[in-house]
> 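Okay, here's the structure, questions in a sec.
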Amino acid sequence: AQSVTQLGSHVSVSEGALVLLRCNYSSSVPPYLFWYVQYPNQGLQLLLKYTSAATLVKGINGFEAEFKKSETSFHLTKPSAHMSDAAEYFCAVSLSTNAGKSTFGDGTTLTVKP
Amino acid sequence: KAGVTQTPRYLIKTRGQQVTLSCSPISGHRSVSWYQQTPGQGLQFLFEYFSETQRNKGNFPGRFSGRQFSNSRSEMNVSTLELGDSALYLCASTNTGELFFGEGSRLTVL
């Protein structure tokens, strides 16, 4: 079984500030980890994924995440927030390369203040 | 390449009715999954179909069912609708390890 915990349902940052969204996972086998973003009234789109290659994963729009096995974490970061980053972010885990059955965290809503 | 297409985008039903939602995956994707998204429960996995067979199933009552056709298009059906079934139903397809989502079908049950 696997689970995901996203710490902080709401995060607010100023434009230009560091974005840090936290994700911890629990998995009985080596996990495959994903970050997705959802804009209002839209589906989710992939930001980045970890599939046991490099532990530091770079994604779209300047986001990156680091897989830390010892901490069971996969936090999402971006050095400088932009207004367009305001959205809801979901961390997800699957047990195999087939992500059809993924387990999602509860989501973190990111607000970017001008 | 066209993305995942879900129809209808919005629909309103009354308690006791049934509803069928449709999903056309990205061309070449054989896996189609369905998720229910609500403010209280977040994203919950419903089921996954691969090559017309249900490969995985979540913890939903039997009122929720689905199927997949030979062209990989999928439908899900909810019978005897309850108020709590109001949600955004998301379809996703994959063949590369990550999910590609449609924009969802927003169901309101009155």
Side-chain angles (χ1 to χ4, degrees), chain A residues 1-10 23 25 29-54 57-60 63 65 67 74 76 87-109, chain B residues 2-7 9-10 21 23-26 29-60 66 68 72 74 87-106 108:
Chain A
Q2 70 270 29
S3 65
V4 173
T5 302
Q6 291 185 239
L7 300 175
S9 58
H10 291 85
C23 172
Y25 70 90
V29 299
Y32 296 87
L33 296 161
F34 308 85
W35 275 100
Y36 293 88
V37 61
Q38 185 178 34
Y39 298 99
N41 298 315
Q42 293 187 24
L44 284 70
Q45 61 179 275
L46 181 74
L47 279 176
L48 49 80
K49 63 180 179 181
Y50 167 77
T51 56
S52 76
V57 181
K58 294 187 184 297
I60 62 171
F63 285 94
F67 173 71
F74 190 57
L76 181 71
E88 189 162 19
Y89 292 80
F90 293 90
C91 183
V93 61
S94 72
L95 295 183
S96 71
T97 55
N98 166 37
K101 183 184 178 183
S102 292
T103 299
F104 285 81
D106 290 337
T108 298
T109 299
Chain B
V4 177
T5 304
Q6 292 187 245
T7 57
R9 289 291 313 281
Y10 302 91
L21 309 178
C23 172
S24 293
I26 291 173
H29 287 192
R30 294 164 64 189
S31 167
V32 175
S33 300
W34 289 89
Y35 290 81
Q36 181 195 65
Q37 186 177 25
T38 60
Q41 298 297 316
L43 275 155
Q44 301 288 316
F45 172 76
L46 281 156
F47 28 66
E48 179 199 9
Y49 287 86
F50 183 86
S51 294
E52 303 179 64
T53 301
Q54 188 178 83
R55 181 156 70 175
N56 286 295
K57 188 178 188 303
N59 296 321
F60 278 81
Q68 187 180 33
S72 292
S74 177
L88 181 66
Y89 290 88
L90 291 164
C91 169
S93 70
T94 182
N95 72 343
T96 57
E98 68 264 27
L99 295 172
F100 294 83
F101 284 87
E103 293 189 311
S105 293
R106 185 166 296 281
T108 301

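So you know, we letter chains A, B, ... as the sequences are listed, proteins then strands, and number each from 1.
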> Where on B/L99 is there a heavy atom nearer than 4.5 Å to chain A: the side chain, the backbone, both, or neither?
both
> What's the spacing between A/C91 SG and A/Y25 OH if we round to 0.5 Å?
10.0 Å
> Specify whether A/Y89 and A/F63 have parallel, tilted or perpendicular ring planes, treating 30° as the upper limit for parallel and 60° as the lower limit for perpendicular.
tilted
> Between B/F45 and B/F60, is a side-chain contact (heavy atoms from CB on, under 4.5 Å) present by the stated rule, with each step listed?
CA-CA 9 Å; B/F45 172 76; B/F60 278 81; over 6 Å; no
> Any side-chain donor paired with an acceptor under 3.5 Å for A/Q6 and A/T108?
yes
> Checking B/F50 against chain A: side chain, backbone, both or neither under 4.5 Å from a heavy atom?
neither
> Quick check on the interface: out of A/Q42, A/Q38, A/K101, who has the most heavy-atom pairs with chain B under 4.5 Å?
A/K101
> Might you work through the side-chain contact (heavy atoms from CB on, under 4.5 Å) test for A/Y39 and A/Q45, ending with a clear yes or no?
CA-CA 9 Å; A/Y39 298 99; A/Q45 61 179 275; 3.9 Å; yes
> Heavy-atom distance under 4.5 Å to chain B: side chain of A/K49, backbone, both or neither?
side chain
> For chain A, which candidate among B/G42, B/S31, B/S33 shows the most heavy-atom pairs at distances under 4.5 Å?
B/S33
> Which region of B/L46, side chain (C-beta onward) or backbone (N, CA, C, O), has a non-hydrogen atom less than 4.5 Å from a non-hydrogen atom of chain A, or is it both or neither?
neither
> Just say parallel, tilted or perpendicular for the rings of A/F67 and A/Y50, cut-offs at 30° and 60°.
parallel
> Atom CG in B/L43, atom CG in A/L44: separation rounded to 0.5 Å?
5.5 Å
> Which region of B/E48, side chain (C-beta onward) or backbone (N, CA, C, O), has a non-hydrogen atom less than 4.5 Å from a non-hydrogen atom of chain A, or is it both or neither?
side chain
> Which region of B/Q37, side chain (C-beta onward) or backbone (N, CA, C, O), has a non-hydrogen atom less than 4.5 Å from a non-hydrogen atom of chain A, or is it both or neither?
side chain
> For B/F100, which atoms come within 4.5 Å of any heavy atom of chain A: side chain, backbone, both, or neither?
neither
